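Just so it is clear, the values below take in all heavy atoms, side chains as well, and ignore hydrogens, waters and symmetry mates. All values derive from a computational prediction rather than experimental measurement.
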Amino acid sequence: MLEVLNKQIVLASRPVGEPTAENFRLVEVPLASPTEGELQLQTLYLSLDPYMRGRMSAAKSYAQPVPIGGVMEGGAVSRVLASRNPSFTVGDIVQGRTGWQTHPISNGSNLERVDPKLAPISTALGVLGMPGMTAYTGLLNIGQPKPGETLVVAAATGPVGSLVGQIGRLKGCRVVGIAGGADKVAYMRDELGFDVALDHRAPDFAAQLAGACPDGIDIYFENVGGHVWEAVFPLLNNFARVPVCGLIAHYNEDGPQPGPDRLPMTMRAVLSKRLTFRGFIVTDFAAQAADFRRDVGAWLKSGAIKYREDVVHGLEKAPEAFIGLLKGRNFGKLVVKVAD
Ligand code: NDP
């Protein structure tokens with residue numbers, strides 16, 4: 001009988017600038033046997049998310065970096081293959097931060113059961129998982145959308161941005177979605193029902209955004225930073241709210257970039273326009289998980305919201321897919337199908 005090995009993608013070296021394939025290494029190790037209280041899992045879907053770029057870096061952050069040689073961190077949906085933990089039985093579908101590997105061992109402490117009858121199990125990594133919760137809690141708590149307001153969101157075909165825009169629509173906002181490329185623009189307009197869909201790669205993007213927001217911007221859900229932020233900033237209205245969720249345009253930067261000091265101008269606008277900026281990490285709102293599941297689950301069931309997945313096949317494809325995610329090559333929630 002063939003010995004089953006645990007395939008793992010480990011961090012081979014820390015990237016300087018954009019990650020490359022050389023920063024990752026595929027290793028195969030013998031399967032460990034679960035000890036008392038532990039579970040042997042088989043990864044079915046691995047989630048690839050922008051925050052992983054931060055874990056590859058040793059720079060100070062809100063979470064510890066992955067050590068060199070350590071298994072890349074990540075959420076996954078798995079099947080229980082063997083259980084020595086009374087809370088789980090063989091065949092259970094679970095999700096947790098079990099990393100980029102095919103056969104993790106877990107003590108069960110951070111695992112949640114996934115109900116395959118509720119929705120496709122991969123959605124536990126997207127619209128019904130961490131990115132969905134990020135969109136829901138960041139928009140409702142910090143953005144505080146009101147009918148008639150203008151909400152702008154970028155990375156708006158991804159799992160966070162697409163849900164932010166759709167919840168904004170349900171709350172009565174006029175939604176301006178921003179993404180890269182004609183296909184994504186068509187999706188935002190025709191499938192997600194955003195009021196305006198813009199391509200941030202258009203040479204006249206800033207002028208298009210100004211034209212799309214004749215009454216200014218009341219909520220800017222910040223997912224990207226960079227040139228999108230620069231176009232948004234002058235359009236913010238008095239009392240605008242800016243949930244600062246992600247800054248993907250800057251994740252590959254190693255330090256401060258040369259350029260004019262915009263801090264005094266920014267702070268002047270914060271003061272005179274009475275702007276609210278609030279950074280958040282999804283776990284800040286962990287107490288709202290039940291509300292999130294109830295509301296988003298119901299919207300999904302009724303067809304009020306849609307989601308899109310970008311599925312790549314095979315754990316060995318994860319590094320290339322992740323590198324593409326940072327460049328906008330994904331179209332929808334990026335997941336790796338690791339096993340059937
Ligand atoms: P997505 O699947 O939307 O992928 C990221 C997208 O960002 C890319 O597809 C690309 O789309 C866009 N992008 C990349 N570079 C740029 C750029 N320079 N300018 C404009 N757009 C760019 O990701 P998620 O939905 O998973 O995450 C969205 C954001 O939310 C990220 O910044 C992430 O770090 C953050 N996040 C924060 C959390 C928190 O707790 N605070 C939790 C989860 C996510 P396009 O083709 O449109 O350019």
Side-chain angles (χ1 to χ4, degrees), residues 1-14 19 21-49 51-52 54-56 58 63-126 128-130 283 286 289 311-322 333-340:
M1 205 175 90
L2 274 181
E3 188 192 4
V4 179
L5 294 169
N6 182 17
K7 286 188 192 172
Q8 302 178 320
I9 307 257
V10 301
L11 181 65
S13 55
R14 300 207 184 279
E22 288 68 44
N23 298 131
F24 303 91
R25 190 171 57 242
L26 177 69
V27 298
E28 293 187 330
V29 295
L31 243 58
S33 298
T35 57
E36 194 56 39
E38 288 186 334
L39 310 158
Q40 172 68 70
L41 302 174
Q42 179 185 29
T43 305
L44 303 177
Y45 287 97
L46 167 68
S47 180
L48 295 179
D49 299 274
Y51 75 83
M52 293 165 174
R55 302 294 194 278
M56 297 178 79
Q64 289 297 314
V66 174
I68 299 294
V71 177
M72 281 292 298
E73 192 177 318
V77 170
S78 308
R79 179 190 294 123
V80 177
L81 287 187
S83 175
R84 297 189 63 189
N85 181 318
S87 305
F88 297 92
T89 52
V90 171
D92 279 353
I93 304 293
V94 295
Q95 74 101 5
R97 298 176 78 82
T98 50
W100 297 26
Q101 54 184 330
T102 57
H103 291 85
I105 291 275
S106 165
N107 65 12
S109 62
N110 291 315
L111 293 182
E112 279 177 20
R113 239 187 220 86
V114 174
D115 182 357
K117 292 199 277 300
L118 207 64
I121 57 174
S122 55
T123 57
L125 303 174
L128 291 176
M130 182 279 284
T283 46
V311 184
V312 296
H313 295 262
L315 183 73
E316 59 285 356
K317 294 280 171 49
E320 184 192 336
F322 174 69
K333 169 62 198 148
L334 185 59
V335 290
V336 181
K337 188 165 188 194
V338 179
D340 284 326

Assess the side chains of Thr123 and Lys333: does a donor N or O sit below 3.5 Å from an acceptor N or O?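 No.
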Please name all residues satisfying side-chain contact (heavy atoms from CB on, under 4.5 Å) with [X], sequence neighbours left out, ordered by chain then number.
X: Ala339; answer: Gln42, Leu44
X: Ala12; answer: Arg25
X: Val71; answer: Gln8, Val10, Gln101

Check: [X] side chain, [Y] main-chain N or O, donor-acceptor pair, under 3.5 Å:
X: Asn6; Y: Pro30; answer: no
X: Asn107; Y: Gly37; answer: no
X: Asn85; Y: Ser87; answer: yes
X: Ser47; Y: Gly75; answer: no

Residue pair [X] / [Y]: nearest heavy atoms and the distance that separates them:
X: Val77; Y: Ala124; result: CG2-CB, 4.0 Å
X: Leu11; Y: Arg14; result: CD2-NH1, 3.4 Å
X: Leu48; Y: Phe322; result: CD1-N, 3.9 Å
X: Gln40; Y: Ala32; result: OE1-O, 3.1 Å
X: Ser106; Y: Gly108; result: OG-N, 2.8 Å
X: Leu334; Y: Val312; result: CD1-CG1, 4.3 Å

Report, as yes or no, whether the 6.0 Å neighbourhood of atom CD on Glu28 holds more than 12 heavy atoms from other residues, nucleotides or ligands.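 Enclosed: over 12 neighbouring heavy atoms sit under 6.0 Å from CD of Glu28.
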Apply side-chain contact (heavy atoms from CB on, under 4.5 Å) to Asp92 and Arg113, showing your working. CA-CA 7 Å; Asp92 279 353; Arg113 239 187 220 86; 3.2 Å; yes
Mind checking the [atom1]-[atom2] spacing from [X] to [Y]? Nearest 0.5 Å is all I need.
X: Ile121; Y: Ile93; atom1: CD1; atom2: CD1; value: 5.0 Å
X: Leu46; Y: Thr98; atom1: CG; atom2: OG1; value: 8.0 Å
X: Ile9; Y: Glu316; atom1: CD1; atom2: CD; value: 7.5 Å

Given the rule in the side-chain contact (heavy atoms from CB on, under 4.5 Å) test, do Val80 and Leu111 qualify, once you have shown the distances and angles that lead to the verdict? CA-CA 11 Å; Val80 177; Leu111 293 182; 5.9 Å; no
For Glu36, check side chain to side chain donor-acceptor pair (under 3.5 Å) against everything at least two apart and list the hits.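 Once residues adjacent in sequence are excluded, the partners of Glu36 under the side chain to side chain donor-acceptor pair (under 3.5 Å) criterion are Arg84.
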With Lys337 via side chain to side chain donor-acceptor pair (under 3.5 Å) - residues at least two apart: Asp340
Let me see the working for Leu41 and Ile105 under side-chain contact (heavy atoms from CB on, under 4.5 Å), right down to the final yes or no. CA-CA 6 Å; Leu41 302 174; Ile105 291 275; over 6 Å; no
For Phe24, all residues meeting ring-ring contact (aromatic ring centres under 6.0 Å, His included), sequence neighbours excluded: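 Partners of Phe24 by the ring-ring contact (aromatic ring centres under 6.0 Å, His included) criterion, ordered by chain and then number, come out as Trp100.
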Could you go through the side-chain contact (heavy atoms from CB on, under 4.5 Å) check for His313 and Val311 one step at a time? CA-CA 7 Å; His313 295 262; Val311 184; 4.0 Å; yes
Side-chain heavy-atom pair Val94, Ser78 within 4.5 angstrom cut-off: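 Of all side-chain heavy-atom pairs linking Ser78 with Val94, at least one is under 4.5 Å.
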Just so I know, are the side chains of Leu125 and Gln95 near enough to count as touching, which here means a heavy-atom distance under 4.5 Å? yes
